[in-house]
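Reading through the structure tokens given below for one structure.
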Number of protein chains: 2
Amino acid sequence: MSTAKNNKPTESELEILGILWEKGSGTVRDVHEILEKSKDAGYTTTLKLMQIMHEKGLLKRDTSSKTHVYEAAISRESTQQQLLNKMINTVFNGSASQLVLQALGNHHSSQEELDKIKQYLNEIEQQQKK
Amino acid sequence: MSTAKNNKPTESELEILGILWEKGSGTVRDVHEILEKSKDAGYTTTLKLMQIMHEKGLLKRDTSSKTHVYEAAISRESTQQQLLNKMINTVFNGSASQLVLQALGNHHSSQEELDKIKQYLNEIEQQQKK
DNA sequence: CATTTGTTACGAAAATATTCGTAGATCAAT
DNA sequence: ATTGATCTACGAATATTTTCGTAACAAATG
């Protein structure tokens, strides 16, 4: 369906995707400046990575102006789901709720977030009663 | 602290850890036979991987008999947490509860598991009220 | 005891991922 | 128009991960 999707992003590629999902879109320099804060690599390294990602179909780009503008070509949600599935299977022995417990345990969540989760749990239960 | 821990497991290494966490311990052949079901690699490949993992301190081994017996040297929980943290930061933009919702959404969880999560949520809320 | 089978050790090839140097293009400012 | 800054393209070097062939040895089998 989508023109590309078979390539799973590497570690570095995920970092770039994360940035673009947040920003919506951006130039190589935009991305690089954010990346620099947490990572130590040169500009052309980021450039090359983003070019590769474009080839793979992970990024779209607008080349109408000299400075190209990139955005993610795969959705955050589907990528999240794909990574979660693999993680659940390999490390959590297939148990999604085990992952949930572990995630809740060591991260501080606001009351609002907890409520959202509870509400969601209720919805799931309602569905299952049917 | 621990004799080793600085080396984060690679993709393949995680698969082996997952197997050993389940089994408790096992020989190369034990692990390989399970691995084979989902992966296509030779016996010596698995052997080599486990030897490397032992060097890195990811596995312990008992060499008292000819056929060595391995077990995980790092805990499932700490590894899970480490992976979750990275995933939350790069892909879920720092929101643990976003990860939780996504995980609950697309995986079927039993009523029992859902109850456990709810109970856990309540405990967290109690703590926060203090 | 010779042969087959199963095991570890080891080195190195192959495959992937990451990094960067350099060249050429474009554009803005002198 | 020359200079300087910034950008893309591209190739290649590095680094990392994965894979496997081969040798050596031990144990079991005939």
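FYI, side chains are in, hydrogens and waters are out, and symmetry mates aren't considered; it's all heavy atoms of this structure.
Other residues, nucleotides and ligands contribute over 12 non-hydrogen atoms within 6.0 Å of the NZ atom of A/K118.
Panel note: side chain A/T44, backbone A/L47; no donor-acceptor pair is recorded below 3.5 Å.
Contact of the B/E15 side chain with the B/S38 side chain is not registered, since no non-hydrogen atoms from C-beta on lie closer than 4.5 Å. A/I19 is not listed as a side-chain neighbour of A/Y70, based on a closest heavy-atom distance of 4.5 Å or more. Residues B/M87 and A/L84 form a side-chain contact, since some pair of their non-hydrogen atoms from C-beta on lies under 4.5 Å apart.
Among the protein residues, A/T10 comes within range of the sugar-phosphate backbone only, with heavy atoms under 4.0 Å from sugar or phosphate atoms but none that close to a base. As judged by a 4.0 angstrom heavy-atom cut-off over every strand, A/T45 is placed among the base-contacting residues.
We find that CD1 of A/I52 is positioned 11 Å from P of C/dT19, with the value rounded to whole Å. One can place CE of A/M50 at 17 Å from P of C/dC20, the figure rounded to the nearest angstrom.
Atom CD of B/E13 is separated from atom OG1 of B/T79 by 11.0 Å, given to the nearest 0.5 angstrom. The distance from atom CG of B/L17 to atom CD1 of B/I74, rounded to the nearest 0.5 Å, is 5.0 Å.
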Name the pairs: protein N/O against N/O of nucleotides 6-13 of chain C, kept only if under 3.5 Å.
unit_1	atom_1	unit_2	atom_2	d
C/dG6	N2	B/K66	NZ	2.9
C/dG6	N3	B/K66	NZ	3.4
C/dT7	OP2	B/R29	NE	2.3
C/dT7	OP2	B/R29	NH2	2.9
C/dT8	OP1	B/H68	N	3.4
C/dT8	OP2	B/Y43	OH	2.8
C/dA9	OP2	B/Q51	NE2	3.1
C/dA9	OP2	B/R61	NH1	3.1
C/dG11	N7	B/K48	NZ	3.3
C/dG11	O6	B/K48	NZ	3.4

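Applying the salt bridge (Lys or Arg N to Asp or Glu O under 4.0 Å) rule to pairs touching residues 74-94 of chain A yields A/E22-A/R76, A/K86-B/E11, sequence neighbours excluded.
With a heavy-atom cut-off of 4.0 Å to chain B, the contacted part of DNA chain D has its first and last nucleotide at D/dT17 to D/dA26.
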